[in-house]
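Working notes for the structure below.
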Amino acid sequence: MARGGHRRRRRGGAVGDPPGAQVHPGRAGRDRPGIHWSRRGLGAKLYGRRPRRHGRPRGPALRRLRGRRVDRARRPALGARGRQQVLSVQAAAGRRAAAMRTAEVKRRFLAHFEANGHTVVPSAPLPAIDDPNLLFVNAGMVQFVPYFLGQQTPPFRRAVSVQKCIRTPDIDEVGKTSRHGTFFQMNGNFSFGDYFKEEAIRLSWDLITKPIEAGGFGIDQEKIWATVYLDDDESIGFWRAVGLPAERIVRRGKADNFWSMGIPGPCGPCSEIYVDRGPAYGREGGPEVDEDRYMEIWNNVFMQYERGPGTDKENYPILGELPAQNIDTGMGLERMASIMQGVDNLYEIDEVRPLIDKACELTGKRYNVSHTTTAAESHPDDVRLRVIADHVRTSLMLIGDGVTPSNEGRGYVLRRIMRRAIRAMRLLGYEDPALPELLPVARDSMSPSYPEIATDFGRISQYAYAEEEAFRSTLRAGTTILDVAVADTKKSGGKTLTGDKAFQLHDTYGFPIDLTLEIAAEQGLSVDTDGFKRLMAEQRKRAKADAQARKTGHADLSAYRGALDAGGAVEFTGYAEVSRESKVRALIGSGGLITSAGEGELVEVVLDVTPFYAEGGGQLPDLGLITVGGGKVEVLDVQQPLPGLIVHKARVVEGEVRSGEAGYAQIDVERRRAISRAHTATHLVHQTMRNFLGGSATQAGSLNAPGRLRFDFNTPGAVPASVLTDVEQQVNEVLMSDLEVRAFVTSQAEAKRLGAMALFGEKYGEYVRVVEVGEYARELCGGTHAARSGQLGLVKILSEASIGSGVRRVDALVGMDAFRHLAKEHLLVSRLAELYRVPREEVGDRVEQTVSQLRDAERELEKMRAQLVLGGAAALAEGALDLGGVAYVGTEAPEGAAVNDVRTLAQEVRGRFPADRPAVVAVAARANGKASLIVAINDAAKSRGLSAQDLVKGALSGRGGGNADLAQGGGVPADQAPHLLGAVQAAVQTR
RNA sequence: GGGGCCUUAGCUCAAUUGGCAGAGCACCGCCUUUGCAAGGCGGGGGUUAGGAGUUCGAUUCUCCUAGGCUCCA
């Protein structure tokens with residue numbers, strides 16, 4: 001549809017062309033879209049990137065066109081139905097622009113609310129940095145939560161945003177229904193104590209019913225339904241006022257139409273807007289009857305009341321009206337786009353469908369062959385194609401926002417999503433690396449809305465392709481193991497692969513169960529899936545039980561929230577001072593908020609102002625002392641469990657501390673200085689690495705400890721030793737230039753203009769802190785630093801190593817620690833030079849020479865020892881006794897003979913007997929005060945029923961063993977050696 | 001955070017109930033030779049991740065530490 005719509009739009013003249021293109025022609029190329037938060041920026045963001053499609057290479061475009069044409073010819077019924085559907089939903093006036101691109105839906109949404117006084121706020125990054133309980137932003141309002149909860153004052157009273165979101169709880173439903181996608185975008189308008197129900201309803205009604213020519217969505221008023229909360233008569237009145245007839249306004253209960261965050265705080269009724277997609281999608285009668293036909297497109301939440309505690313979703317007390325009533329709305333962008341494009345589900349909109357087409361092209365599958373009305377009844381291949389499209393897009397956006405595949409947390413979610421996509425490709429028969437084919441398609445679909453995806457694609461694809469390679473090697477390993485298991489099962493006549501085996505493959509080797517099923521089926525085996533599920537459930541139970549067990553030991557977040565609510569953000573004054581007067585705002589014990597703590601107790605102290613730096617940005621926390629009233633606490637750790645809340649984890653070392661008392665906080669200055677030096681050094685190492693390795697060498701993590709730093713960064717391979725030397729040298733030159741280190745707060749735009757480096761995964765507010773070292777390095781940073789680069793004294797890089805694919809780590813020392821390290825090494829070289837009696841420069845050569853001489857000498861010695869031991873072999877064989885037809889040699893090896901030589905002697909003597917003459921050779925040896933025994937016998941002796949193992953065990957009463965030909969043992973006192981030989985001889989004799 | 005598995009030569013991997021640590025590739029030398037991963041002979045290269053224990057004896061069994069893979073939270 002994208003293409004069809006595009007063509008049509010061009011033919012239709014200016015209808016689809018954004019007005020801003022004419023208004024601000026010059027801005028397009030200058031501003032970087034995607035990072036705008038001001039109204040001014042909107043124009044550039046939305047209008048600035050049209051023309052690039054003309055410059056696209058022809059190959060892929062043609063291919064895609066061809067694919068589309070085939071596709072459309074194949075399923076004319078759906079095409080016709082789809083178009084018809086669009087026409088019936090939209091007002092006649094909108095027909096010419098029937099298929100509206102997703103980016104255009106987004107643009108219109110923002111423009112409508114901007115025109116109505118809303119500030120356009122850019123999407124927050126997907127990783128939800130501020131909330132430890134939330135992996136990803138999963139709703140449009142997440143970045144506004146502190147405003148809704150009254151923790152922060154919003155800088156605007158009206159806002160509008162299109163927020164990137166990820167939801168994974170029902171990941172298994174992806175592709176099976178039309179509604180579940182792991183990545184989606186949420187349009188939302190927000191009011192913070194400004195307008196309420198009436199205007200919210202009017203604004204949303206205006207946007208969806210406004211004709212397309214006028215910038216709206218042009219939806220036929222007849223097709224619109226609304227739901228309201230049971231007793232929300234107000235809202236019914238407002239809906240009637242805009243023109244919606246009473247028969248299309250439905251009252252619904254608490255489960256559907258009442259909102260709360262699950263914790264005490266704001267709550268209130270909702271009003272949802274539905275669009276009737278027509279009889280082809282289901283029965284008549286409104287959303288109560290059929291939610292497939294009547295599709296929810298927009299939820300308006302009216303934050304009207306305050307609620308109390310309660311675990312249940314519907315069971316909690318309403319405490320009263322909120323003083324400031326807020327509006328929070330959400331319109332699924334993809335859902336809206338699917339309606340505007342007349343497609344059945346969100347996988348078929350312009351931002352997703354090209355991925356399905358590409359996957360079809362690669363796998364030779366055809367999408368939606370047996371066309372169905374709802375996604376739920378789809379062919380398994382269709383489900384897989386949708387999974388691929390959704391997951392590839394999600395992966396692209398996640399990596400784009402700085403998430404990288406790993407074994408835990410966010411990275412693990414990403415990894416699972418990526419592997420599911422790759423797996424789905426395999427199940428469709430495509431076994432080559434799939435992401436290099438698919439990811440660029442996702443980039444082309446998404447970059448119109450998110451240009452940074454295109455500019456950053458090198459980094460994104462590097463991670464993605466590396467992850468696919470890693471997965472391919474686990475698949476290879478798993479396939480081998482599975483093949484063996486299948487063969488074993490078949491050999492033993494089984495028809496079923498055990499649940500144990502399937503689980504082991506999944507659990508230990510990461511081999512997906514669906515591939516196990518597939519491969520087993522090919523081999524005619526079934527799999528015990530019940531057993532597999534049981535084992536999975538057990539594992540889940542274990543992990544959950546563990547998580548529960550340790551949660552009780554923690555002060556949970558509510559105590560922190562209480563402390564934060566009690567006085568707002570804690571002021572940090574440590575940039576400017578190292579000690580100050582303060583007051584204890586709250587004390588937190590193991591069970592929550594407490595009022596006092598006595599000597600010896602561990603307690604978490606919240607001050608209203610503090611010079612203590614909380615661990616963050618790789619910088620370790622300050623330690624120190626807080627004196628309060630008659631008490632004194634030693635600070636052991638400082639953390640920031642919630643944004644703005646600085647918590648000192650401390651032990652009361654003297655007296656007692658009480659909440660509310662005034663006190664004096666003092667940090668360990670020496671430690672702070674050493675940490676600050678390390679932090680400044682980290683910036684210099686970062687900048688210098690980039691100077692030598694290029695701009696892609698970005699920071700991936702760091703540790704700033706007293707006198708020591710660790711710096712992780714992205715780079716494809718090992719850093720050559722010569723580069724490390726150069727980096728080290730340049731950093732030290734910067735130290736000698738004694739540059740001033742300056743920190744200042746500025747707008748994000750200004751920081752970007754200055755070229756300050758910013759990190760992925762960090763969420764920055766409108767104002768950011770920039771730290772610069774002269775003109776040499778400039779970085780966004782909240783840490784503490786030395787005043788001048790000269791204060792660092794010396795930076796010494798110790799090592800460079802790999803810590804993961806594409807990530808390297810350097811360790812370095814700073815200041816006196818670096819000096820002490822060098823001094824120590826100097827002493828070491830002095831000592832070596834002295835021991836070898838050579839000039840220092842020659843120590844290396846001399847060591848090399850010595851090692852090689854020593855090795856030669858050892859080899860020579862070994863050879864001579866062997867000769868000594870083996871020399872007598874012939875004579876020993878000559879002197880063999882005959883014990884009832886068995887040749888027997890019993891001898892003691894020279895004192896101190898090595899085990900290897902003794903064994904060789906035994907074998908050597910044995911070899912001197914003809915093959916048909918039974919022979920037993922026993923050699924005893926003494927070493928380290930212990931006697932040992934080795935017995936070697938030949939095949940002829942074995943066929944007489946003799947066994948070397950038995951002989952050794954017999955002589956040593958079990959303390960030895962080996963096999964029938966050769967056995968050894970020992971451990972008895974050295975003077976027992978003759979007895980051992982005697983025992984063997986006796987055993988042979990009396991056999 | 002909890003569970004399973006892995007770590008052996010520069011690389012990829014072998015090594016039977018615990019009993020002489022190997023192969024292929026790479027490297028070095030010599031020879032042969034000029035055709036797509038050339039061949040032949042010879043050679044160097046190992047604290048079997050580190051530490052402790054059990055044992056006559058540990059790459060192998062047990063425990064601890066470090067790193068990696070993987071599943072579940």
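Each chain gets a letter, A, B and so on, in the order the sequences are listed, and its residues count up from 1. These numbers were taken from a predicted model, which means no experiment stands behind them.
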Sticking with atom [atom1], work out how far [N] lies from [M], rounded to a whole angstrom.
{"N": "B:U55", "M": "B:C69", "atom1": "P", "value": "37 Å"}
{"N": "B:C5", "M": "B:U60", "atom1": "P", "value": "16 Å"}
{"N": "B:U33", "M": "B:U47", "atom1": "C1'", "value": "42 Å"}
{"N": "B:G42", "M": "B:A23", "atom1": "P", "value": "12 Å"}
{"N": "B:A15", "M": "B:A58", "atom1": "C1'", "value": "14 Å"}
{"N": "B:G10", "M": "B:C6", "atom1": "P", "value": "22 Å"}
{"N": "B:G46", "M": "B:U8", "atom1": "C1'", "value": "8 Å"}
{"N": "B:G50", "M": "B:C11", "atom1": "P", "value": "15 Å"}

Minimum-distance nucleotide (side-chain atoms of [X] versus [options]):
{"X": "A:R415", "options": "B:C72, B:G4, B:U70", "answer": "B:U70"}
{"X": "A:R903", "options": "B:A73, B:C20, B:C71", "answer": "B:C20"}
{"X": "A:H506", "options": "B:C71, B:C5, B:G19", "answer": "B:C71"}
{"X": "A:R540", "options": "B:C71, B:A73, B:G19", "answer": "B:A73"}
{"X": "A:T474", "options": "B:C72, B:G19, B:C69", "answer": "B:C69"}
{"X": "A:R419", "options": "B:U70, B:C5, B:U17", "answer": "B:U70"}

Without decimals, in angstroms, what is the distance between [X] [atom1] and [N] [atom2]?
{"X": "A:K501", "N": "B:G4", "atom1": "NZ", "atom2": "P", "result": "16 Å"}
{"X": "A:K953", "N": "B:G19", "atom1": "NZ", "atom2": "P", "result": "12 Å"}
{"X": "A:L515", "N": "B:C71", "atom1": "CG", "atom2": "P", "result": "12 Å"}
{"X": "A:F503", "N": "B:C72", "atom1": "CZ", "atom2": "P", "result": "9 Å"}
{"X": "A:R410", "N": "B:A73", "atom1": "CZ", "atom2": "C1'", "result": "15 Å"}
{"X": "A:Y412", "N": "B:C69", "atom1": "OH", "atom2": "P", "result": "13 Å"}
{"X": "A:R542", "N": "B:C71", "atom1": "CZ", "atom2": "P", "result": "15 Å"}
{"X": "A:I934", "N": "B:C20", "atom1": "CD1", "atom2": "P", "result": "11 Å"}

Assign each of A:V972 and A:Q968 to its nearest nucleotide of RNA chain B by heavy atoms, then name whichever residue's nucleotide is nearer the 5' end.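 This one resolves to A:Q968.
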If each of A:R416 and A:G961 is mapped to the nucleotide of RNA chain B with the nearest heavy atom, which maps nearer the 5' terminus, i.e. the 5' end?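 Of the two residues, A:G961 wins.
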Here's a test for you: under side-chain contact (heavy atoms from CB on, under 4.5 Å), which of A:V413, A:L414, A:D401 qualifies with A:F136?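 Filter result, single survivor: A:V413.
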Would you classify [X] as touching base, sugar-phosphate or nothing, given that sugar-phosphate means primed atoms plus P, OP1 and OP2, and contacts are heavy atoms under 4.0 Å?
{"X": "A:G962", "value": "base"}
{"X": "A:R959", "value": "base"}
{"X": "A:Q907", "value": "base"}

Under the side chain to side chain donor-acceptor pair (under 3.5 Å) rule, what do A:T498 and A:D528 come out as? Steps first, then yes or no, please. CA-CA 5 Å; A:T498 63; A:D528 174 16; over 6 Å; no
Identify whether the distance between the nearest side-chain nitrogen and carboxylate oxygen of A:R472 and A:E469 falls below 4.0 Å.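 Counted as a salt bridge, because a side-chain N and a carboxylate O are separated by less than 4.0 Å.
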Less than 4.0 angstrom from a charged side-chain N to a carboxylate O is my criterion; do A:R708 and A:D811 meet it?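 Looking at A:D811 together with A:R708, the answer is no, because their closest N to O distance does not fall below 4.0 Å.
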Does either side chain, that of [X] or that of [Y], offer a donor lying less than 3.5 Å from an acceptor on the other one?
{"X": "A:T394", "Y": "A:T182", "value": "yes"}
{"X": "A:T496", "Y": "A:S526", "value": "yes"}
{"X": "A:Q699", "Y": "A:D712", "value": "no"}

Apply salt bridge (charged side-chain N to carboxylate O under 4.0 Å, His left out) to A:E467 and A:R419, showing your working. CA-CA 8 Å; A:E467 176 60 18; A:R419 294 189 170 196; 2.9 Å; yes
Using the criterion of both pairing distances under 3.5 Å for Watson-Crick and G-U wobble pairs, give all stems of 3 or more consecutive pairs involving RNA chain B.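 As far as RNA chain B goes, consecutive pairing (with distances under 3.5 Å) yields the stems B:1-7 with B:66-72, B:10-13 with B:22-25, B:27-31 with B:39-43, B:49-53 with B:61-65.
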What about A:E538: does its side chain form a donor-acceptor pair under 3.5 Å with the base of B:G3?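 Result: no qualifying N/O pair found.
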Once salt bridge (charged side-chain N to carboxylate O under 4.0 Å, His left out) is applied, what residue pairs with a partner in residues 949-978 of chain A remain, sequence neighbours excluded?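 For residues 949-978 of chain A: A:K942-A:D965.
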